[in-house]
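Data block below; observations after.
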Amino acid sequence: MIEYIKGTIASITPTEVIVETRDGIGYGLEISLNTFTPLQQATETKLLVHEVIREDAHILFGFIDSRERDIFRQLIAVSGVGANTARMILSSIPPVELEAVIANGDSKRLKAVKGIGAKTAERVIVDLKDKIKPTADTLLVQTSLRPEIFDEALAALVMLGFPKQQSQKVLDKLFSADPAIKVETAIKKALSMM
């Protein structure tokens, strides 16, 4: 199993890169736009690899970091999501944002990706929601993806007479613990924490 390939970029397009190693072998790797962007100006690279071996093909997918490869592997484990579909999703939504989309159950955002229907979007969310472990940057993205919910809860607390700064701190804790929290639940929990 190939873990990574390190070498000189011989050629690159938005969907494929050829990396020539020291032994003179050029490996063609399928990539997402997320990986393509940082490679455009590079001459050398080290790409993490996921191999797809079928009867009729041996395909290498390259990733700029382990986060992208991990979420790619989680996506292809979902029934109905193949490697090319997973690459399309990662080309449309950066990994950290995709984690937030899944954690928030935002099927509408997933359906916006070419080739993803309503059933597939829902299946991705149902299958992966409990497997995605929010990190600090995922939580930041989640809050930024749901500003209207946060703002609505904040406005309600301020109208009830609570100081804005104190209300923001409490809501920050609540949204960090549960980014998919509903506005009513956030308000109720915040009231008990004031």
Side-chain angles (χ1 to χ4, degrees), residues 1-135 137-138 141-142 145:
M1 182 171 166
I2 300 171
E3 182 62 22
Y4 65 86
I5 294 176
K6 184 178 180 181
T8 305
I9 296 174
S11 71
I12 187 167
T13 71
T15 58
E16 183 184 38
V17 62
I18 297 174
V19 179
E20 185 175 336
T21 59
R22 281 190 182 164
D23 52 10
I25 298 173
Y27 292 93
L29 296 103
E30 304 288 317
I31 58 172
S32 70
L33 286 175
N34 183 67
T35 294
F36 170 72
T37 302
L39 293 182
Q40 287 181 75
Q41 306 304 320
T43 54
E44 300 280 321
T45 190
K46 176 183 176 182
L47 293 176
L48 299 177
V49 174
H50 176 83
E51 296 176 87
V52 175
I53 300 170
R54 300 189 313 235
E55 282 183 28
D56 61 339
H58 184 161
I59 305 166
L60 301 176
F61 288 86
F63 305 93
I64 199 71
D65 59 30
S66 61
R67 180 181 222 155
E68 185 184 24
R69 182 173 68 176
D70 291 346
I71 200 159
F72 174 86
R73 287 176 170 170
Q74 289 175 325
L75 285 167
I76 63 173
V78 174
S79 176
V81 178
N84 283 323
T85 302
R87 180 175 63 152
M88 179 68 76
I89 293 170
L90 287 165
S91 289
S92 303
I93 308 171
V96 66
E97 194 176 322
L98 180 58
E99 289 172 358
V101 164
I102 292 167
N104 286 337
D106 188 356
S107 61
K108 188 176 178 182
R109 180 75 201 282
L110 270 176
K111 283 191 292 187
V113 175
K114 184 182 177 195
I116 302 294
K119 285 183 180 178
T120 303
E122 287 297 331
R123 197 176 306 122
V124 166
I125 288 167
V126 168
D127 286 6
L128 299 184
K129 194 165 189 170
D130 293 335
K131 294 176 183 171
I132 299 290
K133 302 289 182 242
T135 59
D137 52 349
T138 305
V141 170
Q142 283 175 315
L145 289 176

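These numbers come from a predicted model, not from an experiment.
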Could you please spell out the steps behind the side chain to side chain contact (heavy atoms under 4.5 Å, CB included) verdict for Glu99 and Ile71? CA-CA 8 Å; Glu99 289 172 358; Ile71 200 159; 3.7 Å; yes

Going through the distances and angles, do Leu29 and Phe61 end up as a side chain to side chain contact (heavy atoms under 4.5 Å, CB included)? CA-CA 5 Å; Leu29 296 103; Phe61 288 86; over 6 Å; no

Pairs in or reaching into residues 36-48: which pass salt bridge (Lys or Arg N to Asp or Glu O under 4.0 Å), with residues at least two apart or in two chains? none

Here the pair of heavy atoms bringing Met1 nearest to Arg73 is CE-NH2, 3.6 Å

Residue pairs passing the salt bridge (Lys or Arg N to Asp or Glu O under 4.0 Å) test where at least one lies in residues 18-38, sequence neighbours excluded: Glu30-Arg87

Of all the heavy-atom pairs spanning Ile76 and Ala83, show the shortest one and how long it is. CG2-CA, 3.7 Å

How close do Ser107 and Ala121 get, heavy atom to heavy atom, and via which atoms? O-CB, 3.8 Å

Verdict with reasoning, Ser66 to Leu48, per side chain to side chain contact (heavy atoms under 4.5 Å, CB included): CA-CA 7 Å; Ser66 61; Leu48 299 177; 3.8 Å; yes

Partners meeting ring pair (Phe, Tyr, Trp, His ring centres under 6.0 Å) with Phe63 (sequence neighbours left out): Phe72

Checking Thr13 side chain against Thr15 main chain: does a donor-acceptor pair fall under 3.5 Å? yes

Does a side-chain heavy-atom distance below 4.5 Å link Thr8 with Val19? no

Residue pair Leu33 / Ser91: nearest heavy atoms and the distance that separates them: N-OG, 3.0 Å

Quick one: closest heavy-atom pair of Ala86 and Val81, and the distance? N-CG1, 4.0 Å

CD1 of Ile116 to CD of Glu122: how many Å apart, nearest 0.5 Å? 12.5 Å

When you compare the side chain of Lys114 with that of Ser92, does any pair of heavy atoms fall below 4.5 Å? no

Rounded to the nearest 0.5 Å, the CD1 atom of Ile125 sits from the CG atom of Asn104 at a distance of 9.0 Å

Only residue of Ile5, Thr35, Leu60 satisfying side chain to side chain contact (heavy atoms under 4.5 Å, CB included) with Leu47 is Thr35

With side chain to side chain contact (heavy atoms under 4.5 Å, CB included) as the criterion, how do Ile93 and Arg109 come out once you've worked through the C-alpha distance, each side chain's angles and the decisive distance to 0.1 Å? CA-CA 9 Å; Ile93 308 171; Arg109 180 75 201 282; 3.8 Å; yes

I'd like to know if Arg54 and Asp56 make a salt bridge, using a cut-off of under 4.0 Å between side-chain N and carboxylate O. yes

Should Leu39 and Ile12 count as side-chain neighbours, where that means a heavy-atom distance under 4.5 Å? yes

Donor-acceptor contact present, side-chain Arg69 to main-chain Val49, <3.5 Å: yes

